[in-house]
Amino acid sequence: ANYKLENYFGAASAFQNALMLDVGNDQWERGLLASLYSSRQQDQGLALVDQLLKNRSNESDLWVYRSSLQLDAGRRQQALSSLEVALRLGNDDLANLQVAAVLHLEFGGVDRAVTLLRAGIGKGLEFRYVDQIMQSLMAREQWAPLQRLLDEYKTMSGLNDAQQIGRAHV
């Protein structure tokens with residue numbers, strides 16, 4: 001009830017109490033993790049997710065939680081590492097691809113960023129987002145990756161150059 005009412009601190013407390021009565025209950029652990037994340041308790045959330053990952057290292061959603069908590073805590077390099085694990089485990093939804101691409105660009109991993117964005121284009125990545133990344137690549141004078149990304153978007157969208165330009169400014 002606390003979680004539905006957006007009382008995340010109360011929900012976290014309730015889940016902690018439930019876990020004391022039923023140690024190891026997956027549902028309570030996930031509820032606690034969601035409550036800690038929603039209440040922006042990064043340190044406690046990271047401690048819990050790290051504990052859960054000891055026995056469940058193949059659960060990609062835990063790696064996504066870890067990455068999100070690390071981002072909120074300002075630990076961007078660590079967040080990228082965690083997100084890459086989630087991607088390798090198959091959690092390659094569009095939001096994860098976008099965040100990982102931006103972080104790779106931030107840390108100089110241009111080729112990996114372009115690879116992730118190309119995968120995102122196949123999942124419906126909007127041109128406005130691609131345009132922002134292309135602007136970043138132009139500012140860095142990364143012409144070859146820029147061309148690869150543009151070519152991929154044109155191929156996936158089936159649009160010609162004039163149509164692309166028109167869509168970018170809508």
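Here, residue 1 is the first one in the sequence, and each next residue gets the next number.
Results of the side-chain contact (heavy atoms from CB on, under 4.5 Å) test with Tyr129 over Val102, Ile121, Leu94 single out Val102 as the only residue that passes.
With contacts defined as side-chain heavy-atom distances shorter than 4.5 Å, the pair Leu87/Glu84 qualifies. In this structure, the side chains of Leu36 and Leu46 stay at 4.5 Å or more apart for every pair of heavy atoms. Put simply, the side chain of Asn91 does not reach to within 4.5 Å of the side chain of Leu83, judged on heavy atoms. In this structure, Asp72 and Tyr37 have side chains that are in contact, with non-hydrogen atoms separated by less than 4.5 Å. Contact of the Asp131 side chain with the Gln135 side chain is registered, since non-hydrogen atoms from C-beta on lie closer than 4.5 Å. Counting heavy atoms from C-beta on, the side chains of Leu71 and Leu103 come closer than 4.5 Å. Between Arg140 and Leu105, the closest side-chain pair of non-hydrogen atoms falls below 4.5 Å.
No donor-acceptor distance shorter than 3.5 angstrom exists from the side chain of Tyr65 to the backbone of Leu33, with no hydrogens or angles considered. Side-chain atoms of Ser57 never come within 3.5 Å of backbone atoms of Lys54 as a donor-acceptor pair (strictly under, hydrogens ignored).
A continuous path of ILVMFWY side-chain contacts below 4.5 Å connects Val110 to Met138, so both sit in one hydrophobic cluster.
Here the closest non-hydrogen pair linking Leu69 and Gly45 is CD1-C, 3.5 Å. Closest heavy-atom contact between Ser82 and Gln70: OG-OE1, 2.8 Å. Annotation for Ala101 and Ala113: closest pair O-CB, 3.4 Å, computed over non-hydrogen atoms. For the pair Ala100 and Leu80, the tightest heavy-atom approach, listed with the atom from each and the gap, is O-CD1, 3.9 Å.
The CG atom of Leu137 sits 9.0 Å away from atom CZ of Arg148, with the distance rounded to the nearest 0.5 Å. Between the CG atom of Leu52 and the CZ atom of Arg66 there is a distance of 11.5 Å, given to the nearest 0.5 Å. Rounding to the nearest 0.5 Å places CD of Gln51 at 9.0 Å from CZ of Arg56. Of the inter-residue distances, the one linking Gln44 atom CD with Gln42 atom CD reads 8.5 Å to the nearest 0.5 angstrom.
Applying the salt bridge (charged side-chain N to carboxylate O under 4.0 Å, His left out) definition to pairs two or more places apart or across chains, those involving residues 86-97 are Asp92-Lys123.
Applying the side chain to side chain contact (heavy atoms under 4.5 Å, CB included) criterion to Leu89, with sequence neighbours excluded, gives Asn58, Ser60, Trp63, Val85. For the salt bridge (charged side-chain N to carboxylate O under 4.0 Å, His left out) test, residues two or more places apart in sequence or in another chain that qualify with Arg75 are Asp43.
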**Prompt:** Do Leu125 and Leu97 pass the side-chain contact (heavy atoms from CB on, under 4.5 Å) test, and can you show the C-alpha distance, the side-chain angles, and the key distance before you say yes or no?
**Reply:** CA-CA 10 Å; Leu125 184 66; Leu97 294 170; over 6 Å; no

